[in-house]
Amino acid sequence: MRNIVALAAVGALDAEPTAAELDAIEREMPLIRADVELLDVRIALLDRPVSELDARRLRRARRRVLDARRDLSNRAATTSGEVIA
């Protein structure tokens with residue numbers, strides 16, 4: 001039996017990202033950085049008990065993720081013309 005592969009999928013593997021895709025990544029970069037920071041904090045806390053300082057660091061990282069998500073959502077809503085009440 002032969003494997004059937006969609007030609008579009010094969011061509012997509014070799015394609016470079018479009019300018020629109022690069023712009024979207026650039027807009028989401030603050031959220032990506034905040035998610036990476038939160039992941040770093042969680043990894044650091046895997047093998048030790050959480051101190052008060054660690055708890056503050058974790059809360060700050062979570063807050064940065066939430067702030068970045070809010071900013072990204074608000075920016076998307078204002079560029080699409082929606083009115084947020």
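We number each residue from 1, following the sequence as shown. None of the values given here were measured: they were computed from a predicted structure.
Note on R27 versus E21: no salt bridge recorded, every NZ/NE/NH1/NH2 to OD/OE distance being 4.0 Å or above. Between D54 and R57 there is no salt bridge, since no side-chain N of the basic residue sits under 4.0 Å from a carboxylate O of the acidic one.
We find the CZ-CZ distance between R63 and R56 to be 11.0 Å, quoted to the nearest 0.5 Å. Taken from CZ in R69 to CG in L66, the straight-line distance is 6.5 Å, to the nearest 0.5 Å.
Two residues are said to be in side-chain contact when any heavy atoms from C-beta on lie closer than 4.5 Å; R59 and R64 fail this criterion. Contact of the L58 side chain with the L38 side chain is registered, since non-hydrogen atoms from C-beta on lie closer than 4.5 Å.
Taking all atoms of both residues into account, the shortest heavy-atom contact from L31 to V65 is CD1-O, 3.9 Å.
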